[in-house]
Amino acid sequence: MTMKKTTLALAAALLPLLAHAQDAQIESKVAALMKQMTVAEKVGQLHQISGRLVTGPTSSDYAATLADIRLGKVGSMLNVKGVADTRAIQALALQSRLHIPLLFGQDVIHGYHTVFPVPLGESASWDMEAIEQSAHIAAREAAAAGIHWTFAPMVDVARDPRWGRVMEGAGEDAFLGSAIARARVHGFQGKQLGATDSVMATAKHFAAYGAAVAGRDYNAVDMSNQQLFEVYLPPFKAALDAGAATFMNSFNTLNGIPATGNAFLQHDILKDSWNFKGFVVSDWGSVREMVPHGYASDLADASVKAINAGSDMDMESYAHIKHLEDAVKSGKVNMKTLDDAVQRILYKKFELGLFDDPYRYSVAAREKAVLADPSHRAAALDVAQKSLVLLKNGVAGAKPLPLSRAAQKIAVIGPLADARRDLEGGWVVEGDRAPVVSILEGIRSHAGKAEVSYAPACDTRCSGTEGFAEAVATASKADVVVLAVGETWDLSGEAKSRTDITLPGHQEQLFAALKATGKPIVVVMLAGRPLVFNTIAEQADAIVYAWFPGSEGGNAVANVLFGDYNPSAKLPITFPRSVGQIPLSYAQYNTGRPVTDEKNVVYKSAYIDSVNTPRYAFGHGLSYTDFKYSGLTVSSKEMSPSQQVTLSFDLANTGKAEGTEIVQLYLRDMVASVVRPVKELKGFQKIHLQAGEQRRVSFTIDRELLSFFNSQLVWGAEAGDFKLMVGSASDDIRLEGAVKLLPSK
Ligand code: NOJ
């Protein structure tokens, strides 16, 4: 070993020891501080309030709130941002008896100043580096503006596109969702918590919020433990393993018990079984909401039930600040329980370095420089183009995309063609944000010799048809039409559940009017969720699903339309044909009466008015080139539980353009003590190939990959046959193989 290598090896060996020593140091500082604290001061640390009271529009509570901060009755605030405001408010907290700094939290969901695609959109990139980078830039910008903590990532698996919050997550799959949860936590928190280009992450909403009955936000959730452990918890566990500093609980009940008052979730699973050392923040008002749920008799009872169940910080319920001191005095809450919650929070304040320098995140020069960093826009463009899904390109061989830049006429039409706010999507911070490039603007600047005309046709919700005639006239003079339609930004997100997920207003009618011109129509669709658009799916010449692509959205769309970027994204969530099919996932069960022939479904598990298959399946997404899969081998037909097998195949780019394919590995456990889904994603790789290039691709299959939770919720693999499938989408399996897992000896 060289000298340098020895030193490096030594340093690596010392790191855990150093971390351990640092933990111990912080623990003793926390303990020393706790000794000085009154019960009221401890309770103050659990109280989180919104800064809109003090930095937003003036409110009657203004003076009282400022006084509370000075008295140490507030531990954390959300919605205070920017160096000037965070400094001013922190200064008040430092006037409190023990000078304990505040934690500033904010919903930094997909960017701060520079807006990145909405999380569901980014998830379509299946690109962990790009996703991590996006989260890291969001953290860098937020941390430069005085923020210590983001309420992200949302890692709720969601299989119901009626639920507006599908937009905020990673889609329907536990495996993909876990990978994305890890990437986002790493991105937000960076290499080390406390670095001033990182913020604390929050894995939310714990748990099962994505399964609200009928897709109605805040609704109850009723689910087997099997489903909970198999589908809904894995991304949380992945976030925790990646080091997520905090968790947020959720509004919903789970099997009758509100998540905020749920000891099974917060104590048994999170803090005991998973050994989570950070703290749990409630969702906004979710402690108080245990009263209307019918679980707590009043706010005082709600405070007791929340803290005893493991919910540490109270966001905006004012339950602990009003009642917890009394509850401790009367013995309804043990001092030990209170101390545990407070310690968890103080620990993070020390870890962030706030006791050493309470203003370390609030430095004006850094804020100015970081928010103006041009590399952030470049990264936003990169991930946006990686997120755009080419759903369809051509009918019977003719492929309208990519568009030519030669002298031709392109008509850009539609209510969202020149929209800016709608490209950002929901959950962006108020105030100063990076300028947005609209789709029209992007197309104009990329069009070369092509001539671009424009007609909006209607307002952004397409509430009237008055502009249709002009739009049709514009289309009639063109060689090709680019039609930008979809949802406006405010139709998905929190409290934006819809029973009808077709295109709002008269947009389908607009499509029909343009189609009647006989011109090729390329549809660009914006949305925060899978929409239902059957006529367009059948009749459009090409469709690009753009989600809400962020500040650089227009340039990303133009790059894809003109072929400067060859699309590679794949759907992270199933697109149904109708609301009636929901919930719909590729990971369905076979049933005792599976449909084997769509023409004969009598007494099969089917509908009499629709096929079972989705409009677009999980994992679907096209490219401008073609990929051929061949030569699958599995290194052994059998494996013992301690062995591994390698599945390999050749992937060739048989088209004319370089491109990236996201190859997907699925498996099915054929017979098990708990029935397994017909397909489960168990691996994916993003492979870039030049035209004509071929590469051998391999996946390793071990016992862990074959494991599941049995009916006793014990994780493990059962001996027997496994079907292995690789392909380009969950409904486009190109090669199959098998392996038999032998019993343990
Ligand atoms: C309610 C939302 O459910 C949660 O995700 C968010 O972090 C909080 N409000 C704070 O804005």
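Quick note: numbers below take in every heavy atom, side chains included, and nothing from hydrogens, waters or symmetry partners. First listed ligand is number 1; within each ligand, the first listed atom is number 1. The first residue in the sequence is number 1, and the count goes up from there.
Using modelled atom types, one finds a donor on one side chain and an acceptor on the other under 3.5 Å when comparing E168 with W427. Of the N and O atoms on the side chains of R529 and S492, not one donor lies less than 3.5 Å from an acceptor on the other residue. Side-chain contact check for N249 and S311: at least one donor-acceptor pair (N or O, by modelled atom type) lies under 3.5 Å.
Using a 4.0 Å heavy-atom criterion, the residues that approach ligand 1 are L78, D107, F151, R165, K204, H205, M248, F251, D283, W284, M315, W427, E494.
A cation-pi arrangement is absent between K81 and F104 under the rule of less than 6.0 angstrom and at most 45 degrees off the ring axis.
F575 and Y545 have their aromatic ring centers within a separation under 6.0 angstrom.
Taking the six-membered ring where the residue is Trp, F236 and F206 present perpendicular rings, their angle passing 60° and hence far from 30°.
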